[in-house]
Amino acid sequence: MRILVIHGPNLNLLGCREPAIYGRETLEDIDTSLQALAEELGVQLRTVQLSSEGAIIDYLIENAQWADGLLINPAAYTHTSVAIADTIKGLELPTIEVHLSNVHAREEFRRHSYIAPVSIGQICGMGSNSYLLGLRGLAAWLTKTKLI
Ligand code: DQA
């Protein structure tokens, strides 16, 4: 089973970015935990952090053939990007959307996601555990639904 992991803009600042909201873990810490879980689950990961909308779209199109599923934290593009949602829908890539913070308990504009309607589900508010739960959920969904 092969899963793409995409971290959107500003997630490379984790560790020093608004720690009261996002915690002290760095993106490298999160990727290390994801890799350990992937090995336990027998999943191969391709992980990348991309800061622009176009780069995320190009990466998705270039890597979709390789992947069985997508774990994505689209960061601010969650709330703005029809284009990324169209790409995920067009590629028919089973997707789980994750957020470190509880986007529903913050500013009003963060409650809306363009990505949620083209995803299997959304996990938020659990800090880095959102990613780990997302990976477990996606692997279980793929096993059950796609019989990989
Ligand atoms: C975020 C939530 C988004 O609203 C925000 O723009 C981010 C991070 C999260 O992981 O909590 O950059 O996706």
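Both ligands and their constituent atoms are indexed starting at 1 by order of listing.
In this structure, His112 has its ring center closer than 6.0 angstrom to the ring center of Tyr114.
Atoms of ligand 1 lying under 4.0 Å from any heavy atom of Ala76, numbered from 1 in the order shown and given with element: 6 (O), 12 (O). Taking a cut-off of under 4.0 Å to the non-hydrogen atoms of His79, the atoms of ligand 1 that pass are 3 (C), 4 (O). Close approach of ligand 1 to Tyr22 (heavy-atom distance below 4.0 Å) involves ligand atoms 5 (C), 7 (C), 8 (C), 9 (C), 11 (O).
At under 3.5 Å, a nitrogen or oxygen of Ser101, whether backbone or side chain, sits near a nitrogen or oxygen of ligand 1. For ligand 1, the polar-atom distance check finds no N/O of Thr78 at less than 3.5 Å from any of the ligand's N/O atoms.
Under 4.0 angstrom from ligand 1, there are no non-hydrogen atoms of Val98. Residue Leu100 touches ligand 1 through backbone and side chain together, judged by heavy-atom distances below 4.0 Å.
Side-chain contact, Asp29 with Thr26: a donor N or O sits under 3.5 Å from an acceptor N or O. Under the 3.5 Å distance criterion, with hydrogens and angles disregarded, no donor-acceptor pair is assigned to the side chains of Thr95 and Glu97. Residues Asn10 and Arg17 bring no donor and acceptor atom of their side chains to less than 3.5 Å of each other.
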Given Gln49 and Asp31, is the side chain to side chain contact (heavy atoms under 4.5 Å, CB included) satisfied, shown in steps? CA-CA 10 Å; Gln49 188 277 324; Asp31 284 341; over 6 Å; no
Determine whether Leu135 and Leu45 satisfy the following criterion, side chain to side chain contact (heavy atoms under 4.5 Å, CB included), listing intermediate values before the conclusion. CA-CA 10 Å; Leu135 180 58; Leu45 297 184; 4.0 Å; yes
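In terms of protein heavy-atom proximity, atom 1 (C) of ligand 1 is closest to His99 ND1, 3.6 Å.
Using cut-offs of 30° and 60° on the angle between ring planes, the pair His99 and His79 is parallel.
Within the structure, ligand 1 lacks Asn10 among the residues with a heavy atom less than 4.0 angstrom away.
In the candidate list Met126, His7, Arg17, Arg110, Arg17 is nearest to atom 12 (O) of ligand 1, counting heavy atoms.
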